[in-house]
2 protein chains.
Amino acid sequence: MDVDTDAGELGPLDREGLVQRVARRLSKAIVSGQLPAGQRLSESVIARRLGTSRAPVREAARLLENSGLVTYQPNRGFFVRSFTPTELDNLYEFRIVIELAAVRRLIREGDRQTVPALCAQIDVLHRVAEPGHDMLTQVEADMQFHRLICNGAGNPRFLATFEQIALETELTIMLIGKLYDDAHRLADTHVPIVEAIQAGDAPAASDAMFHHLDVARSLVTEQFRKLEGEKPL
Amino acid sequence: MDVDTDAGELGPLDREGLVQRVARRLSKAIVSGQLPAGQRLSESVIARRLGTSRAPVREAARLLENSGLVTYQPNRGFFVRSFTPTELDNLYEFRIVIELAAVRRLIREGDRQTVPALCAQIDVLHRVAEPGHDMLTQVEADMQFHRLICNGAGNPRFLATFEQIALETELTIMLIGKLYDDAHRLADTHVPIVEAIQAGDAPAASDAMFHHLDVARSLVTEQFRKLEGEKPL
DNA sequence: TATCCGTCGATTGTCGACAATCGACTTGAC
DNA sequence: GTCAAGTCGATTGTCGACAATCGACGGATA
């Protein structure tokens with residue numbers, strides 16, 4: 001590997017600014033649980049720790065606010081978002097609305113090459129189900145499946161809305177600790193959705209997606225209420 | 001009226017920061033058409049004109065970016081959002097998804113005191129339909145009706161999503177110039193929705209809302225394509 | 001002892017200045 | 001005349017410092 005001529009592919013290199021790098025670091029830290037819910041995010045402390053000024057940290061925090069990972073109180077600063085059971089239920093109800101509409105549109109007039117991508121993503125889900133992969137990887141693989149659907153729907157608004165709640169969703173799942181006992185079972189629950197899409201059966205796809213998300217909602221909220229009894233989030 | 005003891009109601013006074021004031025001014029300027037689509041928003045110029053520093057302007061611009069009023073290009077700055085006919089159609093399709101789900105939830109388990117508010121808002125629509133009210137007032141009254149539905153649905157996500165696209169919607173309507181020839185007719189098209197809600201008839205409410213939004217979509221996109229032929233947006 | 005008020009440290013809100021980057025213009029060679 | 005490279009002005013990206021504000025602590029008072 002030559003370092004001067006990284007000849008590989010000449011795509012545009014990381015033109016990602018400092019703000020986005022800070023945002024990525026912060027979101028990783030929050031989703032992975034290093035920063036607990038309710039934790040205060042002092043601009044000065046973060047800036048000093050990352051070796052930057054407060055300005056990029058502040059902008060990054062506002063970005064994360066839109067992603068629902070942090071809340072902002074005027075003259076008080078940023079705090080890691082905490083969830084109530086009701087908020088969590090509302091989140092999943094909203095996901096159902098968005099993703100059902102997305103999958104219907106995908107069948108109606110969406111990109112046909114989405115189906116192979118979905119099948120490939122199910123393979124990925126099985127691969128990361130093997131031991132040796134941490135939970136964050138599994139959650140992100142799961143989210144990627146749903147992202148593909150919203151992306152293939154054809155209306156960019158679905159993808160944009162999905163991205164807005166994606167990190168929140170990841171965070172809530174990570175807060176719980178695990179979704180299914182067997183990650184392979186989680187991977188299999190995606191199969192009926194793809195089959196219905198492939199068949200062009202919109203009602204079946206809707207039902208499959210609804211069932212998939214509704215089961216997830218039940219599991220997450222139930223587990224969340226159980227956890228909430230132990231330690232207040 | 002004593003100025004020292006503005007005894008009226010002792011609610012918390014305008015603690016709205018400089019950022020939000022700037023954002024409000026900018027959004028007004030954009031929606032009202034003072035800043036044309038594609039116009040560059042120079043931080044320095046705006047800051048100088050408003051008598052502030054660049055920092056609040058920058059934050060306000062990022063807020064407006066989330067509302068879809070401005071776009072941001074790294075190292076290039078902020079620009080007033082411009083729409084393609086497809087984007088406009090996607091916006092209205094998305095509104096249909098959100099507001100249909102909202103109205104269904106409103107009937108299912110929403111706040112019952114929303115119905116009187118909706119009736120009152122229809123009265124407002126008729127009032128602002130009279131001569132002497134500018135178009136922005138009419139558009140905002142229309143949006144308020146739909147906001148009430150999303151607010152009363154019970155799941156704050158619907159309201160939050162609505163707010164995110166509310167300014168965009170206002171902007172697109174203002175770009176066109178007018179929606180209906182007779183504003184009273186516009187007010188009347190809201191009546192069937194409220195009636196269906198009051199009757200607790202979810203399918204009828206869905207149909208009424210769909211029809212309402214679908215007509216608006218047709219009118220807006222048609223008018224938009226017509227306008228686009230004359231002056232490129 | 002409980003409550004209220006003033007003080008204080010810490011954090012955010014805002015600012016002006018410098019560095020990095022971009023797009024347009026000029027210049028030059030072919 | 002066309003295209004490429006180099007230069008320049010303007011704008012954004014980032015920074016450090018000062019002012020405004022908040023919540024907590026401590027002391028005075030009833």
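What you see is a predicted model, and the numbers here were worked out from it, not measured in a lab. Chain naming here is simple, since letters A, B, ... match the order of the sequence lines and numbering starts at 1 in each.
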Base, backbone or nothing for each nucleotide of nucleotides 11-16 of chain D, written B, S, -, heavy atoms under 4.0 angstrom, 5' to 3'? SBBSB-
Report the distance from atom CD1 of B/Ile46 to atom P of D/dA10, rounded to the nearest whole Å.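 After rounding, the reported distance stands at 18 Å.
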Side-chain atoms of residues 147-154 of chain B: list all donor-acceptor pairs with protein atoms under 3.5 Å, sequence neighbours left out, distances to 0.1 Å.
unit_1: B/Arg147; atom_1: NE; unit_2: B/Glu163; atom_2: OE2; d: 2.6
unit_1: B/Arg147; atom_1: NH1; unit_2: B/Gln144; atom_2: OE1; d: 2.8
unit_1: B/Arg147; atom_1: NH2; unit_2: B/Glu163; atom_2: OE1; d: 3.4

One thing to verify: whether A/Glu93 and B/Arg157 come together as a salt bridge, which I'm taking to mean a side-chain N less than 4.0 angstrom from a carboxylate O.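 Between A/Glu93 and B/Arg157 there is no salt bridge, as every charged N stays at least 4.0 Å from the carboxylate O atoms.
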Evaluate side chain to side chain donor-acceptor pair (under 3.5 Å) for B/His133 paired with B/Gln138, printing each intermediate quantity in order. CA-CA 7 Å; B/His133 297 280; B/Gln138 297 177 7; over 6 Å; no
With the side chain counted from C-beta on, respond yes when A/Gln164 and B/Gln164 share a heavy-atom pair under 4.5 Å apart, and no when they do not.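 Yes, side chains in contact.
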Tell me every residue that passes ring-ring contact (aromatic ring centres under 6.0 Å, His included) with A/Phe94, counting only those two or more places apart in sequence or in another chain.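 Expected list: B/Phe158.
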